[in-house]
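Scroll down for the structure; my scribbles are underneath it.
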Amino acid sequence: MTKTNLLLGQTLHFSGNPMTTSWEDTVRIDSAGGVLVAAGKIIAVGPASALRSAHPEATVHDYGDALLCPGFVDAHVHYPQTAIIASWGKRLIDWLNSYTFPEEMRLADPHYAARIAGRYLDLTLDHGTTTVCSFATVAPHSVDAIFTAAAQRGQRVVAGKTCMDRNAPEGLRDTAQSAYDDSKTLIERWHGKGRAGYAITPRFTPTSTPDQLAALGALWAEHPDCLMQTHLSEQLDEIAWVRDLVPGARDYLDTYEEHGLIGERALFGHAIHLEPRELDRLAETGAAVVHCPTSNTFIGSGLFDMAKLASRQIPVGLATDTGGGSSFSMLRTMAAAYEIGQLRGTPLHAAQLIWLATAGSARSLHLHDKIGSLTPGLEADITVLDLASTPAIEQRSANANSVWDRLFATIMMGDDRAVQSVWVNGRKRP
Ligand code: GUN
Ligand code: ZN
């Protein structure tokens, strides 16, 4: 017989998008709620007392006044950069050349790649993140490493081989043809297998020739159910470089668009310094952008304009951008998104922040029918947040007027110590 588990606590519920409709109408916390889980799925949500009496067979896990949330979804990461996170003093291009490329080269060793993939996923689970969308390295085995480690942990993960055929060191370069061939083989090996999903992954225009972008555009047209992830308009130097490399392009986005690399399942990381035409095309095509706030401050990239993108109904995911970002924690990432909102004069409410880190990111990955909310029928990825995890947070929490104040204190001051328990695909993480 299938084992049934009943998780009790405060429960988070979404009925709409708090970035486009008021958060009061779309996000709710039930103070004595429950989530019934069996065979990897959420079976029911509702009042704790009703679920308890309707399901006497269920094993009860009573988390008191902790908050049961969907597992966090980190929509843009580079798992191979785990060991160089928080490297000092460089801006994007120098940072890539000084820290990132040498480390990605080390993953040419399949054993090292497997070790980093496992280490990375364990760190993210420690921080309550159950799904990531990751760049691998140029080496196909680095994709095998992350999907294998994810399958061992039961995790839903999206990933793809990073494609680069110029402006990268020998050893990290492929070709237009090998990028196409290797990505195709990896799609056939992994896409839709268990909880794995494939993202076709040109790193960015400076490191992909037009031939390579065209080859990957053709591959995406053959596999339209895959995601396509890349970078867009992160730093001004980078944008100037793209202008030099592709002088005929209308703007940075056009360098992708020209090769078919735009559409509903496209994911553009950073997207800070956008031209009006780029905003129009993102809105028209349904492409998503990913906000990486700790990275954007850490590498000195700029202030993402969430309000403008939300007003154009452009889907936005939230991400750490490990290791350009300075933390594995989606709580720290929400805090940075709040601070960038303040600097832009548009602070986000705790309800919006937690929606972005869960349902919003899931929607950007086109996974909202599988993960990202506590909804019957969805996969049971659940993060239990202790809203008084340190003395500093506890004393603020004790002085709070509402559960939203308590959650906001944990968002601003919390880290992995706030993650009391994590359930992945219906199983409690030991
Ligand atoms: N642009 C191209 N590659 C990268 C990367 O690895 N990290 C960040 N933050 N930006 C990039
Ligand atoms: Zn990135």
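Counting convention: from 1, in listed order, for ligands and their atoms alike.
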Geometric N/O contact [X] with ligand 1, under 3.5 angstrom:
X      : value
Gln81  : yes
Arg203 : yes
Trp95  : no

Has the side chain of Asn97 got a donor or acceptor atom that lies under 3.5 Å from a matching backbone atom of Ile93? yes
So, Asp165 and Arg173, do they make that salt bridge, N to O below 4.0 Å?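 No salt bridge links Asp165 with Arg173.
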I need the NE2(His76)-the Zn ion (ligand 2)-NE2(His231) angle, rounded to 10 degrees.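 Centred on the Zn ion (ligand 2), the NE2/NE2 angle is 100° (to 10°).
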Atom name in His78, limited to N/O/S, at shortest distance from the Zn ion (ligand 2): NE2
What protein heavy atom is closest to atom 10 (N) of ligand 1, reported as residue, atom name and distance in Å?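 Checked against all protein heavy atoms, atom 10 (N) of ligand 1 sits closest to Glu234 OE1, 2.7 Å.
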Taking atom CD1 of Ile85 and atom OG of Ser327, what is their separation to the nearest 0.5 Å?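 The OG atom of Ser327 is 6.5 Å from CD1 of Ile85, to the nearest 0.5 Å.
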Specify side chain, backbone, both or neither for Thr207, according to which of its non-hydrogen atoms lie closer than 4.0 Å to ligand 1.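 None of Thr207 does.
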I need the contact type for His270 against ligand 1. Using non-hydrogen atoms and a strict under-4.0 Å cut-off, is it side chain, backbone, both or neither?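 Under 4.0 Å from ligand 1, His270 contributes side-chain atoms alone.
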Where ligand 1 meets [X] - atom numbers and elements under 4.0 angstrom, heavy-atom basis:
X      : answer
Phe204 : 1 (N), 2 (C)
Asp321 : 8 (C), 9 (N)
Leu92  : 8 (C), 10 (N), 11 (C)

Looking at the Zn ion (ligand 2), is there an N, O or S atom belonging to Cys292 that lies under 2.8 Å away from it?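 Not a single backbone or side-chain N, O or S atom of Cys292 is under 2.8 Å from the Zn ion (ligand 2).
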Give a yes/no answer: is there an N/O/S atom of His270 under 2.8 Å from the Zn ion (ligand 2)?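 Within the cut-off used here (under 2.8 Å), His270 places no N, O or S atom near the Zn ion (ligand 2).
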With a 4.5 Å cut-off on side-chain heavy atoms, are Val73 and Leu367 touching?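 In short, these two side chains do not touch, never coming nearer than 4.5 Å.
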Does any non-hydrogen side-chain atom of Thr201 lie less than 4.5 Å from one of Lys161?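 No. Closest side-chain heavy atoms not under 4.5 Å.
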The single option from Arg195, Arg427, Arg156 passing salt bridge (charged side-chain N to carboxylate O under 4.0 Å, His left out) against Asp381: Arg195
Which residue, Phe268, Phe204, Trp220, forms the ring pair (Phe, Tyr, Trp, His ring centres under 6.0 Å) with Tyr256? Phe268
Over 60° means perpendicular and under 30° means parallel, so tell me whether Tyr198 and Phe147 are parallel, tilted or perpendicular.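 Ring orientation of Tyr198 relative to Phe147: tilted.
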If I compare all heavy atoms of Pro202 with all of Ser208, which pair ends up nearest, and what's the gap?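 Minimum heavy-atom contact is CB-OG, 4.0 Å.
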